[in-house]
Amino acid sequence: MNNVIIGQSGGPTAAINASVAGAYVKAKELGANKVFGMIHGIEGLLQGEFIDLDKYLSDPTNVELLKRTPASVLGTCRYKLPEASVDNSVYKQIFEILDKYNIDSFFYIGGNDSMDTIMKLSDYSSSHGYDKQFIGIPKTIDNDLPITDHCPGFGSSAKYIATSVKELIRDNQASDPRNPAIVIVEIMGRNAGWLAAAASLCTSDDCSGPDAIYLPEIPFDMDDFMNYAKELSKGHKPALIVISEGIKLADGRYVCELNGNVETDTFGHKQMSAASRVLADKLTNELGLRTRTVELSTLQRSAAHTSSLTDVKEAYQCGVQAVIAANEKKTGKMVIMKRMMENTADYPYICVYDTYDIHAIANFEKKVPVEWITDNKRGLTQSFEHYARPLICGEVMPIMSGGLPRHLIIPEAL
Ligand code: F6P
């Protein structure tokens, strides 16, 4: 292999660094002389900011540490490439850097928006006669990339969410029964409810689970929500409701927008936050109920102490498979995962890898199938559990030091 470069982009996850580790190790194994890492993704690359990963990863202990380090070790960005037909100057700049450093393979680890970058660069490369490979490595806690069965990052986030919701239910159930509260837990996921749905996984013989889970796949019915909360309060028992940050009213407005305007990023995504506050204020002001809100916020994507072993192993393998694909001269593809076994009550599960045309993936979102949502629209069916349970299984032991997990840091990215 000639030299290769790896970048991370979009929201971090607890498993994204395992993909860097997998790609680095495989590229070295296949003879790559240099494995470069972009600092803060393509935005850094355009500023000439990238490093030789040997500096940090030639020591196998650091590779192990990297697999256990949450968030994007190389730094991330949310940068949208212009259409080459409108402005090709950044493309020229990128290909000049790739040529200058003899880089033939370009790997980008990310979600829908990052796959837009792979699509545009591979299209530019092919139409300008370059012999270079552009491969996407899937990553998103939102689990909303199409074609692939699931996305690295989701399993660890889902495990953290189910664990935290279980602990929050424990806490709430211990509260004074003469003064019960309705706790509203807000979960990330944008327009897809996979992560909020994961809260249902805590339901078991030692946990009654959330009283309701509201996903963005179904228009949010405010009247039904208020009536249901009223019903719950009549029981004089503590209750816990999970909502996805992206729940929307039938008229298209996000619930989080009801308290005022929200900002938009370069890809046109609304920065969602505080839908739980909107709902809690309504319950207090209109029904006089005691409420508490919990936004898991960035904890749900940075918590590596509850990482799923399945997830971390798969993220590593996605990095490996991307390098194999590039070595086979594939380009304009994303690594995908396929589930090979039918799920049964015991959740046997085998995942195999392939690659798929990036044009069918970039900028598309995969939602929770509505058939997996219960008829009362406040819960998940067994089909969801069969899908998600294997993805949260297995534990990754952090490497501890002084009572806390140790992480690998790359000072150039700080
Ligand atoms: O795409 C992953 C994600 O974590 C979403 O779930 C969330 O809405 C968004 O990123 C938050 O983005 P930022 O970190 O830019 O606030």
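These values consider heavy atoms only, across backbone and side chains, with no hydrogens, waters or symmetry-generated copies.
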Identify the two heavy atoms, one from [X] and one from [Y], that lie closest to each other, and give their separation to 0.1 Å.
X: F364; Y: A360; value: CD1-O, 3.4 Å
X: I118; Y: I135; value: CD1-O, 3.5 Å
X: I358; Y: S122; value: CG2-OG, 4.3 Å
X: A162; Y: C202; value: O-CB, 3.3 Å

Problem - Result of checking V35, V4, V323, L66 against Y24 for side-chain contact (heavy atoms from CB on, under 4.5 Å) - result: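 With Y24 as partner, side-chain contact (heavy atoms from CB on, under 4.5 Å) holds for just one option, V35.
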Please determine, by modelled atom types, if [X] and [Y] share a side-chain donor-acceptor pair under 3.5 angstrom.
X: S276; Y: T293; answer: no
X: Q173; Y: S208; answer: yes
X: N17; Y: Y316; answer: no
X: N191; Y: H269; answer: no
X: N102; Y: N3; answer: no
X: H150; Y: E314; answer: yes
X: Q321; Y: D354; answer: no
X: S273; Y: E295; answer: yes

Can [X] and [Y] be counted as an ion pair, charged N to O under 4.0 angstrom?
X: R170; Y: E167; value: no
X: D224; Y: R378; value: yes
X: K100; Y: E96; value: no
X: D149; Y: K338; value: no
X: K159; Y: E395; value: yes
X: K55; Y: E412; value: yes
X: D54; Y: K34; value: no
X: K166; Y: D171; value: no

Problem - Pairwise side chain to side chain donor-acceptor pair (under 3.5 Å) hits with a residue in residues 299-311, at least two apart - result: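 Listed by first then second residue: S156-D311.
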Problem - W372 side chain vs F384 backbone, donor-acceptor pair below 3.5 Å - result: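 Not at all, since once roles are kept as given, no pair shorter than 3.5 Å links the two residues.
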Handout entry: Y160 side-chain N/O to A14 backbone N/O, donor-acceptor pair under 3.5 Å
Key =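 Side chain of Y160 to backbone of A14: no pair is present.
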Handout entry: Non-neighbouring partners of E257 that pass salt bridge (charged side-chain N to carboxylate O under 4.0 Å, His left out), sequence neighbours left out
Key =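 For E257 the salt bridge (charged side-chain N to carboxylate O under 4.0 Å, His left out) partners, ignoring immediate neighbours, are K270.
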Problem - side chain to side chain contact (heavy atoms under 4.5 Å, CB included) partners for T13, two or more places apart - result: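 With sequence neighbours excluded, T13 shows a side chain to side chain contact (heavy atoms under 4.5 Å, CB included) to A15, I16, K139, I141, given in chain and number order.
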Problem - Test of ring centre spacing under 6.0 Å for F134 and Y108 - result: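 That pair fails the under 6.0 Å test.
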Handout entry: F95/Y124 aromatic ring centres below 6.0 Å
Key =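 So the answer is yes for these two rings.
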